Amino acid sequence: MLWMLLMAESSKVIHVRNVGHEISENDLLQLFQPFGVITKLVMLRAKNQALLQMQDVSSAITALQFFTNVQPTIRGRNVYIQFSSHQELTTAEQNIHGREDEPNRILLVTVHHMLYPITVDVLHQVFSPYGFVEKIVTFQKSAGFQALIQYQAQQCAASARTSLQGRNIYDGCCQLDIQFSNLEELQVNYNNDLSRDYTNPSLPSEQKGRLPHPGYGDAGVAYPQMANTSAIAAAFGGGLPPGITGTNDRCTILVSNLNTDSVDEDKLFNLFSLYGNIVRIKLLRNKPDHALVQMGDGFQAELAVHFLKGAMLFGKRLEVNYSKHPNITPGTDSHDYVNSNLNRFNRNAAKNYRYCCSPTKMIHLSTLPQDVTEEEVVNHVQEHGAILNTKVFEMNGKKQALVQFENEEEAAEALVCKHATSLGGSIIRISFSQLQTI
């Protein structure tokens, strides 16, 4: 029966999941080489996945048959394998996944385990021994801290990739993951710690109220999740919400007047992640009721400031403003969320933008257990305030719920305390609902 199932779904392309950044191409090759010749391998670093093509279907079937009885493990991490929906890996498919095997003079560099800040100067010091570096642009994306590095010559980029792939910038941390970019030319508008054009030292160091150049990340583009302002406006139904300009490029927010007895980094994450991906959060030790929140880009920061300014949380009215700091330096006093799978905007960014609003009296709970009852939902959140109404329903085959509190503050407290908690064995998601009544 198993053999017939494997034959029915078979492909010579194998899809591997849970591929951590510590797992290299060679690790995957060693795992699958006993089953036959491997012709192609594509690492999907941003998704912690890989696609691997065997020479023929029978080799792939042999591998999957073996691993139905043996849990494949690489460097202490369980990986999970299945047949891919692809029957063949083509160059075009590899490009779609952000991987370009054709050598190029521009490198896409992702830095993992970034315990120390990485600046343009640090990257230039690391990459310049392999040839003349023309331009560097750094940015923050869902995959982590990234940089685009443009050499004068293609062979210099290839040499740097061969020599530096998998190496650490500092001892035990800041590991380099290097791919060829498919960009033809980098555009740098400013020479500062985030971007540098070594062929044009006369560029200004600061932005003067204009939108950054689109295409890279928060150092070179305001909206890494969406292509441009019009695309974001489309996500909101054709226009930006009233009061939202779409031109802010400041990513870090200063939150003050916090209830120091009740608030921690995770609760702030649960609240601010409604408006964008969270890179890092830092509670200020010298001002205990203050915190810094670094969002994924300037547009997401603008949404958070707009919708949360003056919101009530744990008996305090929040003051939410842009910070003078462009980012939060990683360290022991900050909490890093850049690779958190709880960030809501890694997938379906357009849908999540549509749900952005100020705190309401109604919360929406999703990813609930299929057998959940109304009583279980109420018991899970009732400690946070007076519940006026509840409703458990099914949409697209998945159980969801609405809970209406007496006021917005109680609903906000339930959200920050119970989002990403376990109910009946399921990790639930909570957001504000814009419905007025159930």
Side-chain angles (χ1 to χ4, degrees), residues 1-102 108 110 112 141-144 165-166 177-180 182 339-344 346-349 351 366-367 369-370 395-399 425-427 429:
M1 186 66 181
L2 174 62
W3 174 258
M4 292 176 64
L5 181 65
L6 288 169
M7 287 298 292
E9 302 175 348
S10 58
S11 162
K12 61 182 176 181
V13 181
I14 296 172
H15 180 201
V16 189
R17 294 178 290 116
N18 201 34
V19 180
H21 57 75
E22 75 276 9
I23 295 175
S24 68
E25 294 181 356
N26 285 335
D27 292 329
L28 283 168
L29 293 174
Q30 288 175 17
L31 183 67
F32 287 96
Q33 274 171 343
F35 305 101
V37 176
I38 299 165
T39 58
K40 291 179 183 176
L41 174 61
V42 178
M43 303 292 281
L44 310 178
R45 288 296 190 188
K47 298 181 178 180
N48 284 348
Q49 298 176 14
L51 294 171
L52 181 139
Q53 182 174 309
M54 306 297 290
Q55 190 171 40
D56 50 49
V57 174
S58 61
S59 299
I61 290 175
T62 303
L64 262 76
Q65 274 191 310
F66 178 81
F67 288 124
T68 55
N69 301 314
V70 178
Q71 171 62 55
T73 303
I74 304 177
R75 296 183 183 270
R77 177 192 285 261
N78 289 345
V79 295
Y80 304 96
I81 65 173
Q82 64 193 55
F83 287 118
S84 170
S85 57
H86 297 290
Q87 291 299 310
E88 184 98 20
L89 287 182
T90 66
T91 304
E93 284 161 350
Q94 294 176 33
N95 289 348
I96 288 169
H97 295 296
R99 166 78 182 222
E100 176 63 81
D101 283 327
E102 280 295 317
L108 172 62
T110 305
H112 299 293
K141 297 274 284 211
S142 57
Q165 169 63 18
D177 180 13
I178 306 172
Q179 303 175 26
F180 290 114
N182 52 16
N339 292 316
S340 173
N341 59 8
L342 296 176
N343 268 317
R344 302 172 190 247
N346 290 335
R347 296 179 181 177
N348 297 324
K351 183 178 76 172
S366 58
T367 62
Q370 283 300 103
M395 184 175 289
N396 298 325
K398 296 178 181 179
K399 279 291 179 72
S426 295
I427 302 301
R429 295 170 64 90

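All heavy atoms count here, side chains included; hydrogens, waters and symmetry mates do not. Just so you know, these numbers come straight off a predicted model, no measurement behind them.
The shortest non-hydrogen separation linking I14 to A63 is CD1-CB, 4.2 Å.
For S426, the side chain to side chain contact (heavy atoms under 4.5 Å, CB included) partners are P369, not counting sequence neighbours. Checked against side chain to side chain donor-acceptor pair (under 3.5 Å), T73 has the following partners two or more places apart in sequence or in another chain: N78. Not a single ring pair (Phe, Tyr, Trp, His ring centres under 6.0 Å) links Y80 to another residue, sequence neighbours left out. Residues meeting the side chain to side chain donor-acceptor pair (under 3.5 Å) test with N48, sequence neighbours left out: none. With sequence neighbours left out, R77 forms a side chain to side chain donor-acceptor pair (under 3.5 Å) with N18, E22. When the side chain to side chain donor-acceptor pair (under 3.5 Å) test is applied to S59, the partners found at least two apart in sequence or on another chain are D56.
Side chains of V16 and F32 form a contact here, defined as non-hydrogen atoms less than 4.5 Å apart. Annotation: side chain of Q179 is not in contact with side chain of Q165 (no heavy-atom distance under 4.5 Å). With contacts defined as side-chain heavy-atom distances shorter than 4.5 Å, the pair L31/V79 qualifies. For the pair H86 and Q53, the minimum side-chain heavy-atom distance is 4.5 Å or more. In this structure the side chain of M43 reaches within 4.5 angstrom of the side chain of L28, judged on heavy atoms.
Q49 places no side-chain N or O within donor-acceptor distance of the main-chain N or O of V19, the cut-off being under 3.5 Å. Between the side chain of T367 and the backbone N or O of I427 there is at least one donor-acceptor pair closer than 3.5 Å.
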Which is it for H15 and L51 under the side chain to side chain contact (heavy atoms under 4.5 Å, CB included) test, yes or no, and what are the steps along the way? CA-CA 5 Å; H15 180 201; L51 294 171; 4.0 Å; yes
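Summarising the geometry, atom NZ belonging to K12 is positioned 12.5 Å from atom CG belonging to L52; distances are rounded to the nearest 0.5 Å. Atom-to-atom distance recorded for S11:OG and E88:CD is 8.5 Å, nearest 0.5 angstrom.
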